Visitor: 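Please read through the structure below; I'll follow up with questions.
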There are 2 protein chains.
Amino acid sequence: MAEAQSAAKSGETLLYLTDEQLRQGAEAMFFAYRGFTADPDRILTGLSYGRAHHRALHFIHGAPGTTVNNLLNILGVTKQSLNRVLRTLIEDGLVESKVGRTDKRERHLYLTEAGEALERELSDAQRARMRAAFRQAGPEAVAGFRRVLEAMMDPEMRRQFARLREGRG
Amino acid sequence: MAEAQSAAKSGETLLYLTDEQLRQGAEAMFFAYRGFTADPDRILTGLSYGRAHHRALHFIHGAPGTTVNNLLNILGVTKQSLNRVLRTLIEDGLVESKVGRTDKRERHLYLTEAGEALERELSDAQRARMRAAFRQAGPEAVAGFRRVLEAMMDPEMRRQFARLREGRG
DNA sequence: CTTGGAATGTCAACAAGGCTGACGTAAACT
DNA sequence: AGTTTACGTCAGCCTTGTTGACATTCCAAG
(Lines give C-alpha, C1' and ligand atoms only; values in the text may rest on other atoms or scores of the structure.)
Protein backbone atom coordinates (compact mmCIF):
# COMPACT_ATOMS: atom_id res chain seq x y z
CA MET A 1 0.00 0.00 0.00
CA ALA A 2 1.39 3.37 -0.99
CA GLU A 3 1.13 5.10 2.32
CA ALA A 4 1.93 8.70 1.70
CA GLN A 5 2.55 10.39 -1.56
CA SER A 6 1.70 13.80 -2.78
CA ALA A 7 2.61 16.18 -5.51
CA ALA A 8 3.07 19.06 -3.08
CA LYS A 9 3.07 22.51 -4.52
CA SER A 10 5.02 22.12 -7.71
CA GLY A 11 5.86 19.13 -9.78
CA GLU A 12 6.34 15.62 -8.53
CA THR A 13 7.40 16.00 -4.91
CA LEU A 14 6.65 12.45 -3.91
CA LEU A 15 6.86 12.06 -0.17
CA TYR A 16 6.79 8.63 1.38
CA LEU A 17 6.25 8.73 5.09
CA THR A 18 6.54 5.48 6.92
CA ASP A 19 4.84 4.94 10.23
CA GLU A 20 8.28 4.61 11.75
CA GLN A 21 9.31 8.04 10.52
CA LEU A 22 6.14 9.51 11.95
CA ARG A 23 6.71 7.76 15.26
CA GLN A 24 10.16 9.27 15.43
CA GLY A 25 8.72 12.67 14.67
CA ALA A 26 6.25 12.27 17.51
CA GLU A 27 8.96 11.20 19.92
CA ALA A 28 11.18 14.09 18.87
CA MET A 29 8.28 16.41 19.56
CA PHE A 30 7.80 14.91 23.01
CA PHE A 31 11.44 15.11 24.07
CA ALA A 32 11.95 18.53 22.55
CA TYR A 33 8.94 20.00 24.29
CA ARG A 34 10.32 18.79 27.57
CA GLY A 35 13.57 20.57 26.88
CA PHE A 36 11.69 23.62 25.72
CA THR A 37 9.90 24.03 29.05
CA ALA A 38 12.64 22.70 31.33
CA ASP A 39 14.52 25.93 32.02
CA PRO A 40 11.62 28.19 32.96
CA ASP A 41 10.08 25.35 34.93
CA ARG A 42 13.22 25.13 36.98
CA ILE A 43 13.06 28.81 37.80
CA LEU A 44 9.39 28.60 38.72
CA THR A 45 9.63 25.72 41.16
CA GLY A 46 10.03 27.18 44.59
CA LEU A 47 8.24 30.41 43.67
CA SER A 48 4.86 28.72 44.08
CA TYR A 49 4.28 29.39 40.42
CA GLY A 50 3.94 26.97 37.56
CA ARG A 51 3.94 26.77 33.82
CA ALA A 52 0.48 28.26 33.71
CA HIS A 53 1.79 31.46 35.27
CA HIS A 54 4.58 31.61 32.75
CA ARG A 55 2.14 31.34 29.88
CA ALA A 56 -0.03 34.12 31.27
CA LEU A 57 2.98 36.41 31.78
CA HIS A 58 4.26 35.59 28.31
CA PHE A 59 1.10 36.52 26.46
CA ILE A 60 0.28 39.57 28.57
CA HIS A 61 3.79 40.79 27.88
CA GLY A 62 3.30 40.22 24.19
CA ALA A 63 -0.08 41.94 24.06
CA PRO A 64 -0.28 44.49 26.87
CA GLY A 65 -3.80 45.65 27.60
CA THR A 66 -5.32 42.43 26.34
CA THR A 67 -8.60 41.39 27.88
CA VAL A 68 -9.31 38.31 29.93
CA ASN A 69 -11.47 36.90 27.20
CA ASN A 70 -8.75 37.37 24.62
CA LEU A 71 -6.24 35.59 26.81
CA LEU A 72 -8.72 32.78 27.29
CA ASN A 73 -8.92 32.18 23.57
CA ILE A 74 -5.17 32.19 23.15
CA LEU A 75 -4.45 29.88 26.05
CA GLY A 76 -7.35 27.55 25.39
CA VAL A 77 -8.34 27.04 29.01
CA THR A 78 -11.46 27.80 30.99
CA LYS A 79 -11.89 31.12 32.71
CA GLN A 80 -11.94 29.41 36.10
CA SER A 81 -8.59 27.89 35.39
CA LEU A 82 -7.09 31.12 34.11
CA ASN A 83 -8.66 33.11 36.90
CA ARG A 84 -6.91 31.10 39.57
CA VAL A 85 -3.56 31.87 38.01
CA LEU A 86 -4.39 35.50 37.26
CA ARG A 87 -5.60 36.14 40.77
CA THR A 88 -2.35 35.08 42.37
CA LEU A 89 -0.37 37.13 39.85
CA ILE A 90 -2.47 40.20 40.63
CA GLU A 91 -2.28 39.63 44.38
CA ASP A 92 1.49 39.32 44.12
CA GLY A 93 1.71 42.55 42.17
CA LEU A 94 3.00 41.07 38.92
CA VAL A 95 -0.07 41.85 36.85
CA GLU A 96 -2.35 44.85 36.89
CA SER A 97 -6.00 44.67 35.89
CA LYS A 98 -7.63 47.87 34.69
CA VAL A 99 -11.32 48.33 33.99
CA GLY A 100 -11.92 49.16 30.34
CA ARG A 101 -12.56 52.78 29.38
CA THR A 102 -15.00 52.27 26.56
CA ASP A 103 -16.38 48.96 27.79
CA LYS A 104 -16.30 48.84 31.55
CA ARG A 105 -17.06 45.13 31.61
CA GLU A 106 -13.66 44.32 30.22
CA ARG A 107 -10.47 44.08 32.28
CA HIS A 108 -7.30 45.06 30.52
CA LEU A 109 -4.21 43.28 31.74
CA TYR A 110 -0.73 44.74 32.07
CA LEU A 111 2.51 43.54 33.59
CA THR A 112 3.92 45.63 36.41
CA GLU A 113 7.64 46.28 36.68
CA ALA A 114 8.00 43.15 38.79
CA GLY A 115 5.91 41.22 36.28
CA GLU A 116 8.08 42.36 33.40
CA ALA A 117 11.17 41.37 35.36
CA LEU A 118 9.96 37.84 35.99
CA GLU A 119 8.72 37.47 32.43
CA ARG A 120 12.11 38.51 31.16
CA GLU A 121 13.89 36.09 33.44
CA LEU A 122 11.72 33.20 32.29
CA SER A 123 11.81 34.10 28.62
CA ASP A 124 15.53 34.67 28.67
CA ALA A 125 16.06 31.19 29.99
CA GLN A 126 13.81 29.75 27.32
CA ARG A 127 15.24 31.85 24.54
CA ALA A 128 18.80 30.90 25.42
CA ARG A 129 18.01 27.31 24.65
CA MET A 130 16.11 28.14 21.50
CA ARG A 131 18.85 30.41 20.29
CA ALA A 132 21.40 27.65 20.78
CA ALA A 133 19.18 25.14 19.01
CA PHE A 134 18.50 27.49 16.10
CA ARG A 135 22.16 28.30 15.69
CA GLN A 136 23.13 24.69 15.82
CA ALA A 137 20.52 23.61 13.30
CA GLY A 138 21.06 26.48 10.90
CA PRO A 139 18.67 28.95 9.25
CA GLU A 140 17.23 26.60 6.69
CA ALA A 141 16.40 24.08 9.37
CA VAL A 142 14.73 26.85 11.36
CA ALA A 143 12.59 27.79 8.39
CA GLY A 144 11.53 24.18 8.01
CA PHE A 145 10.88 23.89 11.70
CA ARG A 146 8.54 26.85 11.53
CA ARG A 147 6.76 25.51 8.48
CA VAL A 148 6.09 22.14 10.06
CA LEU A 149 4.94 23.62 13.36
CA GLU A 150 2.50 25.92 11.62
CA ALA A 151 1.12 23.03 9.64
CA MET A 152 0.67 21.05 12.82
CA MET A 153 -1.51 23.65 14.56
CA ASP A 154 -5.26 23.62 14.60
CA PRO A 155 -6.46 26.10 11.96
CA GLU A 156 -7.95 28.27 14.66
CA MET A 157 -4.68 28.42 16.53
CA ARG A 158 -2.83 29.13 13.30
CA ARG A 159 -4.98 32.21 12.89
CA GLN A 160 -4.25 33.27 16.46
CA PHE A 161 -0.57 32.75 15.80
CA ALA A 162 -0.65 34.84 12.62
CA ARG A 163 -2.55 37.57 14.39
CA LEU A 164 -0.03 37.75 17.22
CA ARG A 165 2.78 37.84 14.72
CA GLU A 166 1.24 40.71 12.78
CA GLY A 167 0.36 42.59 15.93
CA ARG A 168 4.03 42.86 16.76
CA GLY A 169 5.44 43.31 13.31
CA MET B 1 15.43 43.72 6.24
CA ALA B 2 17.69 40.72 6.30
CA GLU B 3 16.82 39.34 9.67
CA ALA B 4 18.44 35.96 9.60
CA GLN B 5 21.41 35.41 7.41
CA SER B 6 24.05 32.79 7.45
CA ALA B 7 26.46 30.86 5.36
CA ALA B 8 24.68 27.67 6.21
CA LYS B 9 26.41 24.57 7.32
CA SER B 10 30.00 25.23 6.38
CA GLY B 11 32.18 28.22 7.02
CA GLU B 12 31.09 31.39 8.75
CA THR B 13 27.69 30.59 10.18
CA LEU B 14 26.55 34.08 11.04
CA LEU B 15 23.07 33.89 12.41
CA TYR B 16 21.26 36.89 13.81
CA LEU B 17 18.30 35.90 15.91
CA THR B 18 16.19 38.68 17.27
CA ASP B 19 14.28 38.21 20.50
CA GLU B 20 11.12 38.63 18.48
CA GLN B 21 12.02 35.73 16.23
CA LEU B 22 12.71 33.58 19.23
CA ARG B 23 9.42 34.59 20.81
CA GLN B 24 7.63 33.52 17.68
CA GLY B 25 9.44 30.23 17.73
CA ALA B 26 8.35 29.67 21.31
CA GLU B 27 4.75 30.50 20.52
CA ALA B 28 4.80 28.25 17.48
CA MET B 29 6.07 25.48 19.72
CA PHE B 30 3.27 26.08 22.18
CA PHE B 31 0.45 26.12 19.63
CA ALA B 32 1.86 23.22 17.67
CA TYR B 33 2.24 21.02 20.72
CA ARG B 34 -1.39 21.63 21.49
CA GLY B 35 -2.33 20.48 18.03
CA PHE B 36 0.03 17.56 18.30
CA THR B 37 -1.73 16.18 21.37
CA ALA B 38 -5.27 17.27 20.54
CA ASP B 39 -6.43 14.22 18.57
CA PRO B 40 -5.36 11.46 20.97
CA ASP B 41 -6.55 13.56 23.89
CA ARG B 42 -9.98 13.70 22.33
CA ILE B 43 -10.10 9.93 22.05
CA LEU B 44 -8.93 9.48 25.62
CA THR B 45 -11.46 11.75 27.29
CA GLY B 46 -14.34 9.59 28.37
CA LEU B 47 -12.20 6.49 28.69
CA SER B 48 -10.93 7.63 32.08
CA TYR B 49 -7.48 7.71 30.56
CA GLY B 50 -5.22 10.66 29.94
CA ARG B 51 -2.13 11.68 28.08
CA ALA B 52 0.07 9.82 30.54
CA HIS B 53 -1.58 6.55 29.55
CA HIS B 54 -0.97 7.31 25.91
CA ARG B 55 2.72 7.92 26.58
CA ALA B 56 3.05 4.67 28.48
CA LEU B 57 1.33 2.69 25.74
CA HIS B 58 3.43 4.38 23.11
CA PHE B 59 6.78 3.54 24.64
CA ILE B 60 5.85 0.03 25.74
CA HIS B 61 4.72 -0.62 22.20
CA GLY B 62 8.03 0.66 20.90
CA ALA B 63 10.12 -1.37 23.32
CA PRO B 64 8.22 -4.50 24.38
CA GLY B 65 9.61 -6.12 27.50
CA THR B 66 11.04 -2.89 28.82
CA THR B 67 11.30 -2.55 32.58
CA VAL B 68 9.53 -0.02 34.75
CA ASN B 69 12.82 1.67 35.51
CA ASN B 70 13.65 2.00 31.85
CA LEU B 71 10.29 3.54 31.15
CA LEU B 72 10.86 5.92 34.04
CA ASN B 73 14.00 7.27 32.46
CA ILE B 74 12.33 7.78 29.13
CA LEU B 75 9.23 9.46 30.47
CA GLY B 76 11.03 11.56 33.05
CA VAL B 77 8.48 11.19 35.83
CA THR B 78 8.65 9.62 39.25
CA LYS B 79 8.05 5.93 39.59
CA GLN B 80 5.03 6.59 41.79
CA SER B 81 3.46 8.68 39.08
CA LEU B 82 4.11 6.10 36.42
CA ASN B 83 2.94 3.32 38.66
CA ARG B 84 -0.52 4.76 39.03
CA VAL B 85 -0.95 4.88 35.29
CA LEU B 86 0.55 1.46 34.82
CA ARG B 87 -1.67 -0.07 37.47
CA THR B 88 -4.88 1.02 35.75
CA LEU B 89 -3.58 -0.20 32.41
CA ILE B 90 -2.75 -3.58 33.92
CA GLU B 91 -6.07 -3.82 35.74
CA ASP B 92 -7.87 -3.03 32.51
CA GLY B 93 -5.95 -5.71 30.66
CA LEU B 94 -4.08 -3.43 28.28
CA VAL B 95 -0.63 -4.08 29.69
CA GLU B 96 0.92 -7.24 31.02
CA SER B 97 3.61 -7.17 33.69
CA LYS B 98 5.92 -10.15 33.93
CA VAL B 99 8.39 -10.73 36.73
CA GLY B 100 11.94 -10.81 35.40
CA ARG B 101 13.55 -14.19 34.93
CA THR B 102 17.09 -13.32 35.87
CA ASP B 103 16.23 -10.48 38.19
CA LYS B 104 12.95 -11.00 39.95
CA ARG B 105 12.82 -7.40 41.11
CA GLU B 106 12.24 -6.22 37.60
CA ARG B 107 8.88 -6.18 35.85
CA HIS B 108 8.88 -6.52 32.10
CA LEU B 109 6.04 -4.75 30.36
CA TYR B 110 4.13 -5.88 27.28
CA LEU B 111 1.00 -4.71 25.53
CA THR B 112 -1.86 -7.17 25.30
CA GLU B 113 -3.97 -7.42 22.17
CA ALA B 114 -6.33 -4.82 23.58
CA GLY B 115 -3.38 -2.64 24.50
CA GLU B 116 -1.98 -2.83 21.01
CA ALA B 117 -5.38 -1.94 19.63
CA LEU B 118 -5.73 1.19 21.72
CA GLU B 119 -2.15 2.20 21.06
CA ARG B 120 -2.77 1.89 17.36
CA GLU B 121 -5.92 3.94 17.55
CA LEU B 122 -4.20 6.74 19.43
CA SER B 123 -1.07 6.72 17.33
CA ASP B 124 -3.04 6.61 14.12
CA ALA B 125 -4.88 9.75 15.13
CA GLN B 126 -1.65 11.49 15.98
CA ARG B 127 0.15 10.28 12.92
CA ALA B 128 -2.62 11.45 10.63
CA ARG B 129 -2.02 15.01 11.69
CA MET B 130 1.74 14.68 11.49
CA ARG B 131 1.52 13.11 8.09
CA ALA B 132 -0.60 15.98 6.85
CA ALA B 133 1.76 18.54 8.36
CA PHE B 134 4.84 16.83 6.93
CA ARG B 135 3.29 16.62 3.49
CA GLN B 136 2.21 20.20 3.55
CA ALA B 137 5.60 21.46 4.70
CA GLY B 138 7.66 19.27 2.39
CA PRO B 139 10.61 16.97 2.96
CA GLU B 140 13.25 19.64 3.43
CA ALA B 141 11.16 21.39 6.04
CA VAL B 142 10.73 18.06 7.82
CA ALA B 143 14.48 17.54 7.89
CA GLY B 144 14.91 20.99 9.40
CA PHE B 145 12.14 20.35 11.88
CA ARG B 146 13.92 17.23 13.07
CA ARG B 147 17.25 19.00 13.33
CA VAL B 148 15.87 21.82 15.44
CA LEU B 149 13.94 19.50 17.72
CA GLU B 150 16.99 17.37 18.37
CA ALA B 151 19.04 20.43 19.17
CA MET B 152 16.37 21.56 21.60
CA MET B 153 16.40 18.40 23.71
CA ASP B 154 18.39 17.94 26.87
CA PRO B 155 21.54 16.01 25.99
CA GLU B 156 20.37 13.13 28.12
CA MET B 157 17.08 12.96 26.26
CA ARG B 158 18.86 13.23 22.95
CA ARG B 159 20.74 10.10 23.86
CA GLN B 160 17.51 8.36 24.79
CA PHE B 161 16.04 9.45 21.49
CA ALA B 162 18.99 8.15 19.52
CA ARG B 163 18.87 4.87 21.39
CA LEU B 164 15.19 4.37 20.65
CA ARG B 165 15.79 5.18 17.01
CA GLU B 166 18.58 2.67 16.71
CA GLY B 167 16.65 0.03 18.58
CA ARG B 168 14.05 0.03 15.87
CA GLY B 169 16.26 0.61 12.87
C1' DC C 1 26.71 -17.78 55.21
C1' DT C 2 24.94 -13.87 56.76
C1' DT C 3 23.90 -9.29 56.76
C1' DG C 4 23.48 -4.62 55.23
C1' DG C 5 22.91 -1.73 51.50
C1' DA C 6 21.28 -0.83 46.77
C1' DA C 7 17.85 -1.50 43.36
C1' DT C 8 13.10 -2.21 42.07
C1' DG C 9 8.51 -1.65 42.55
C1' DT C 10 3.97 -0.56 45.53
C1' DC C 11 0.92 2.10 48.63
C1' DA C 12 -0.66 6.58 50.74
C1' DA C 13 -1.23 11.31 50.85
C1' DC C 14 -0.83 15.86 48.92
C1' DA C 15 -0.56 19.86 45.35
C1' DA C 16 -0.99 21.97 40.77
C1' DG C 17 -3.84 22.84 37.31
C1' DG C 18 -7.02 21.23 34.11
C1' DC C 19 -12.46 20.61 33.93
C1' DT C 20 -17.87 21.35 34.65
C1' DG C 21 -21.75 23.57 36.77
C1' DA C 22 -24.03 27.20 39.14
C1' DC C 23 -24.45 31.78 40.46
C1' DG C 24 -23.78 36.96 40.90
C1' DT C 25 -22.77 41.59 39.11
C1' DA C 26 -22.19 45.12 36.08
C1' DA C 27 -22.35 46.95 31.61
C1' DA C 28 -23.87 46.88 26.92
C1' DC C 29 -27.06 45.96 23.45
C1' DT C 30 -31.81 45.68 21.31
C1' DA D 1 -37.25 46.31 30.07
C1' DG D 2 -35.18 42.27 28.92
C1' DT D 3 -31.29 39.81 26.99
C1' DT D 4 -26.65 39.13 26.20
C1' DT D 5 -21.79 39.71 27.23
C1' DA D 6 -17.64 39.97 30.23
C1' DC D 7 -15.88 38.85 34.29
C1' DG D 8 -15.37 36.89 38.96
C1' DT D 9 -16.15 33.21 42.31
C1' DC D 10 -17.52 29.01 44.87
C1' DA D 11 -17.71 24.10 44.98
C1' DG D 12 -16.25 19.82 43.45
C1' DC D 13 -14.12 16.55 40.37
C1' DC D 14 -10.12 14.34 37.57
C1' DT D 15 -5.47 13.63 35.91
C1' DT D 16 -0.92 13.69 36.88
C1' DG D 17 2.83 15.42 38.98
C1' DT D 18 5.30 15.32 43.79
C1' DT D 19 7.44 13.21 48.52
C1' DG D 20 7.54 9.73 52.17
C1' DA D 21 7.21 5.14 53.88
C1' DC D 22 7.58 0.29 52.94
C1' DA D 23 8.24 -4.59 50.85
C1' DT D 24 10.92 -7.48 48.05
C1' DT D 25 14.96 -8.95 45.80
C1' DC D 26 19.76 -8.97 44.70
C1' DC D 27 24.55 -8.59 45.63
C1' DA D 28 28.74 -7.93 47.84
C1' DA D 29 31.57 -7.42 52.06
C1' DG D 30 32.51 -9.26 56.26
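For clarity, every value in this text was computed on a predicted model and none was experimentally measured.
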Visitor: Nearest to the side chain of B:Q80 - C:dC11, C:dT8, C:dA27?
Guide: C:dC11

Visitor: Extract, from 5' to 3' on DNA chain D, the first and final nucleotides lying under 4.0 angstrom from some heavy atom of chain B.
Guide: D:dT15 to D:dC26

Visitor: Would you mind telling me which residue lines up with the more 5' stretch of DNA chain C, A:R55 or A:T102, judged by nearest nucleotide?
Guide: A:R55

Visitor: Who are the ring-ring contact (aromatic ring centres under 6.0 Å, His included) partners of B:F31, not counting sequence neighbours?
Guide: none

Visitor: Of A:Y49 and A:K79, whose closest DNA chain C nucleotide lies nearer the 5' terminus?
Guide: A:Y49

Visitor: For A:L47 and C:dA15, give me the distance from atom CG to atom P, rounded to whole Å.
Guide: 18 Å

Visitor: Can you say whether the rings of A:H53 and A:Y49 are parallel (under 30°), tilted (30 to 60°) or perpendicular (over 60°)?
Guide: tilted

Visitor: Any donor and acceptor pair, going by atom type alone, linking the side chain of B:R147 with main-chain N or O of A:A137 inside 3.5 Å?
Guide: yes

Visitor: In whole angstroms, how far is the P atom of C:dT8 from the CG atom of B:L86?
Guide: 15 Å

Visitor: Under 6.0 Å between ring centres: does that hold for B:F30 and A:Y33?
Guide: no

Visitor: Could you pull out all residues at least two apart from A:A132 that satisfy side chain to side chain contact (heavy atoms under 4.5 Å, CB included)?
Guide: none

Visitor: Starting from C1' on C:dG17, measure out to CG on A:L82 and report it in whole angstrom.
Guide: 12 Å

Visitor: Taking the side chain of A:A52 as heavy atoms from C-beta outward, which of C:dT8, C:dG17, C:dC19 is closest to it?
Guide: C:dG17

Visitor: With ring centroids as reference points, do A:F134 and A:F145 lie under 6.0 angstrom apart?
Guide: yes

Visitor: Using a 4.0 Å heavy-atom cut-off across all strands, classify A:G76 as base, sugar-phosphate, or nothing.
Guide: sugar-phosphate

Visitor: Between atom NE2 in A:H54 and atom C1' in C:dG17, what is the gap in whole Å?
Guide: 16 Å

Visitor: Ignoring backbone atoms, establish whether A:R107 has a side-chain N or O less than 4.0 Å from OP1 or OP2 of C:dA26.
Guide: no

Visitor: Starting from C1' on C:dC29, measure out to CD on A:E106 and report it in whole angstrom.
Guide: 14 Å

Visitor: On DNA chain D, does the nearest nucleotide to A:R105 precede the nearest nucleotide to A:R84 from the 5' side, or the other way round? Give the residue.
Guide: A:R105

Visitor: How close or far is atom C1' of C:dA16 from atom CZ of A:R87, stated in whole angstroms?
Guide: 14 Å

Visitor: To the nearest angstrom, how far is A:K104 atom NZ from C:dC29 atom P?
Guide: 13 Å

Visitor: Consider side-chain contact (heavy atoms from CB on, under 4.5 Å). Of B:Q126, B:H54, B:R34, B:R51, which one does B:D41 pass it with?
Guide: B:R51

Visitor: When the distance from CG of A:L72 to P of C:dG18 is rounded to whole Å, what number comes out?
Guide: 11 Å

Visitor: Under 4.0 Å between any heavy atoms, over every strand shown, what does A:H108 touch: base, sugar-phosphate, or nothing? Just pick one.
Guide: nothing

Visitor: With a 4.0 Å limit, can you tell me whether A:T78 has a side-chain N or O closer than that to the phosphate oxygens OP1/OP2 of C:dC19?
Guide: yes

